[in-house]
Amino acid sequence: MLDMKYLRSNFVEVKERLKFRGEDMSAFEDFEALDQRRRDLLGQTEELKSKRNSVSQEVARLKREKQDADSLIVEMREVGEKIKTLDIELRETEEKLESLLLNMPNIPHESVPAGESEDDNVEVRRHGDIREFDFEAKPHWDVATDLDILDFERAGKVTGSRFTFYKGAGSKLERALISFMLDLHTEEHGYTEMMPPYMVNRASMTGTGQLPKFEEDAFRVEAEDYFLIPTAEVPVTNYHRDEILNGDDLPISYAAYSANFRSEAGSAGRDTRGLIRQHQFNKVELVRFVKPEDSYAELEKLTGHAEKVLQLLGLPYRVLNMCSADLGFTAAKKYDIEVWLPSYNTYREISSCSNFEGFQARRANIRFRREKTGKPEQVHTLNGSGLAIGRTFAAIIENYQQEDGSVIIPEVLRPYMGGKERITKK
RNA sequence: GGAGGGAUACCCAAGUCUGGCUGAAGGGAUCGGUCUUGAAAACCGACAGGGGAGUCAAAUCCCGCAGGGGUUCGAAUCCCCUUCCCUCCUCCA
């Protein structure tokens, strides 16, 4: 959500900035009229309430002194009715205004490249050499199924499409990746580990920006009106919802492992095989609360923390600065990290690192105080995958596969795998 | 799931039965001061925050006792709904 006062005085400029990201602005044209209407109604009702307050004091005084107050009471009855009517109208206006604001996307940062589609994303850097295979590299689902470490077929029977069973060394590898990443981020990068709830309420989904616009992307538990989390970003960012943080404690950094659930509405037919697009997947998510003046420097650090995982795993990757059309609804700036997948012969997204500035903090009401006496200010929130585990699993299987169908385990993971160096057929 | 009890400011806590100088007592913590070589103690002082409207800035006004409705001239106080916490019973990994 954007700042209402800022919008009020910079509406023309904001419209320009949002057009830059390809947004249709017609839905927001009512802003100025609604804002004005709200303030008019507020002025009227507040004036009447002020009158009611003072007259009520007067009535109390008269009653104490055993004098007659009936005429005042009759007069106030009418004022009360007017207030009620005005308040209803005010509430309706505020609801419209809020709905408008909740559907308005974030403003891109000036360092975001202009673009019309994902083709206009700008590659910032590459790391690692792409391996030359002297045999034909197989897709990870074939390698893993042959090794009996993933079972998509039975998952289809037990649940449905886009689910999998990890099995044996596969399950252990997945677990090793989770532990390795959490240990790296907590021990080397200063994050506090967290395990969040996997279901959240509507207010939390609204706080981070999944709602109201993208409800069809989430799985919903109808009886409770809870949502299965699409990312740990939701529970972990909302951890500090409606709080005023101590400025001295910033930046606050959390690394959270969780399963993630996405309906993948609108993705039918895309990436139907393998681990790339599942309804349920594991991820270690990095979430940070920072001071506004630090947020862009912190975004660079955060992205570096995610890259470090790939460097240590020896996986080639590149970093993209997402263009204005591919930013998503909530981000002011976003880097995607893409890992090399031999069977696709391309880089595929494995992490997304974003600076939301005050966009989520305003929705979720997360503030901080610089000094004891200071006014609360909005924090800036950042997050990034560090990394998506399932896609990392796929990248390891594909990049480390051997001609005999076995897979070499990257050295940094071996301590988490009981010293095992290679996954082989039984 | 059943039966009770709670939620008041940073923390503790009175007020709720019996609606009106409660625009919320008192204590603790915190901050400032006196005293002291320094500190502690004691004493004095400050301490409802936050949001909104308004303004160049103020003044001023509105909201605010878990959240949301209602009754009333007037609600922390009466009524209804929701959430969360506690105790006991039941069930359960």
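In what follows, chains are A, B, ... by sequence order, proteins preceding strands, each numbered from 1.
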Euclidean distance, atom CZ of residue A/Arg369 to atom P of B/rG51 [Å, nearest integer]:
8 Å
Side-chain N or O of A/Arg64 closer than 4.0 Å to phosphate OP1/OP2 of B/rG20
no
Donor-acceptor list for residues 71-88 of chain A side chains, cut-off 3.5 Å, not counting sequence neighbours:
residue : atom : partner : partner atom : Å
A/Thr85 : OG1  : A/Glu81 : O            : 2.9
A/Asp87 : OD1  : A/Thr45 : OG1          : 3.1
A/Asp87 : OD2  : A/Lys49 : NZ           : 3.3

Is it true that, when you exclude A/Glu216 itself, more than 12 heavy atoms of the residues, nucleotides or ligands shown sit nearer than 6.0 Å to its CD?
yes
In a table with atom names and distances, give each donor-acceptor pair under 3.5 Å that connects a side chain of residues 380-388 of chain A to protein atoms at least two apart or in another chain.
residue  : atom : partner  : partner atom : Å
A/His380 : ND1  : A/Ser295 : OG           : 2.9
A/Thr381 : OG1  : A/Gln360 : OE1          : 2.8
A/Asn383 : ND2  : A/Glu233 : OE1          : 3.4
A/Asn383 : ND2  : A/Glu233 : OE2          : 3.4
A/Ser385 : OG   : A/Ser352 : N            : 3.1

When you check the side-chain N and O atoms of A/Asn260 and A/Arg262, is any donor under 3.5 Å from an acceptor?
no
Could you tell me how far B/rU83 sits from B/rG20 if I compare only their C1' atoms? Round to whole Å.
31 Å
Is a side-chain donor-acceptor pair under 3.5 Å present for A/Glu357 with A/Asn106?
no
With both distances kept under 3.5 Å, what pairs with B/rA46, Watson-Crick or G-U wobble?
B/rU30
In whole Å, I'd like the distance from the CG atom of A/Asn201 to the P atom of B/rC84.
9 Å
Say you pick atom P in B/rA46 and the same atom in B/rC86; how far apart are they, in whole Å?
39 Å
Given the C1' atoms of B/rG70 and B/rA14, what is the spacing between them in whole Å?
28 Å
Salt bridge (Lys or Arg N to Asp or Glu O under 4.0 Å) involving A/Glu243 - partner list, sequence neighbours excluded
none
Could you state the atom-to-atom distance from CG of A/Leu97 to P of B/rG52 in whole Å?
13 Å
What is the distance, rounded to the nearest whole Å, between atom CD of A/Gln44 and atom C1' of B/rG52?
16 Å
When rounded to whole Å, the CG to C1' distance for the pair A/Leu90 and B/rA53 reads 11 Å
Sequence neighbours left out, cut at 3.5 Å: what donor-acceptor pairs do the side chains of residues 408-426 of chain A make with other protein atoms?
residue  : atom : partner  : partner atom : Å
A/Arg414 : NE   : A/Ile409 : O            : 2.8
A/Arg414 : NH2  : A/Ile409 : O            : 2.9
A/Tyr416 : OH   : A/Asp183 : OD2          : 2.7
A/Arg422 : NH1  : A/Ser406 : OG           : 2.7

Sticking with atom P, work out how far B/rG67 lies from B/rC56, rounded to a whole angstrom.
34 Å
Among B/rG52, B/rC84, B/rG51, find the nucleotide with the atom closest to the side chain of A/Pro376.
B/rG51
Just to be sure I understand the rule, does A/Asn53 reach a base, reach only the sugar-phosphate, or reach nothing, if contact means heavy atoms closer than 4.0 Å?
sugar-phosphate
Given that both distances must come in under 3.5 Å, which nucleotide forms a Watson-Crick or G-U wobble pair with B/rU22?
none
Please report the closest heavy-atom contact between A/Pro230 and A/Phe281, naming both atoms and the distance.
O-CZ, 4.3 Å
Scan A/Lys51 against the nucleic acid and name what it touches under 4.0 Å (heavy atoms): base, sugar-phosphate only, or nothing.
nothing
Distance between the P atoms of B/rA66 and B/rG27, in whole angstroms?
23 Å
Would you mind building the protein contact string for nucleotides 67-77 of chain B? One character per nucleotide, 5' to 3', B for base within reach (heavy atoms under 4.0 Å), S for sugar-phosphate only, - for untouched.
--S-S-BS---
CG of A/Asp248 versus P of B/rU30: gap in Å, rounded?
17 Å
Using purine N1 to pyrimidine N3 plus N6-O4 or O6-N4 for Watson-Crick, or N1-O2 and O6-N3 for G-U wobble, each under 3.5 Å, what pairs with B/rG4?
B/rC86
Mind checking the P distance from B/rG33 to B/rA39? Whole angstroms is fine.
11 Å
Residue pair A/Arg38/A/Thr45 against RNA chain B: nearer the 5' end by closest nucleotide is A/Arg38
Euclidean distance for P, B/rU30 against B/rC89 (whole angstrom):
41 Å
Nearest-Å distance, CD (A/Glu94) to P (B/rA53)?
10 Å
Any N or O donor-acceptor pair linking the side chain of A/Glu46 to the base of B/rG52 at under 3.5 Å?
yes
NA contact type, A/Arg362, heavy-atom cut-off 4.0 Å: base, sugar-phosphate, or nothing?
nothing
side-chain hydrogen bond (donor to acceptor under 3.5 Å, both in side chains): which pairs involve residues 300-314 of chain A, sequence neighbours left out?
A/Arg125-A/Glu307, A/Tyr191-A/His305, A/Glu298-A/Lys301, A/Glu300-A/Tyr335, A/Glu307-A/Tyr317, A/Gln311-A/Tyr317
Expressed in whole Å, how much space separates the P atoms belonging to B/rG45 and B/rA7?
32 Å
Nucleotide B/rC31, atom P - distance to CG of A/Asn246 in whole Å
13 Å
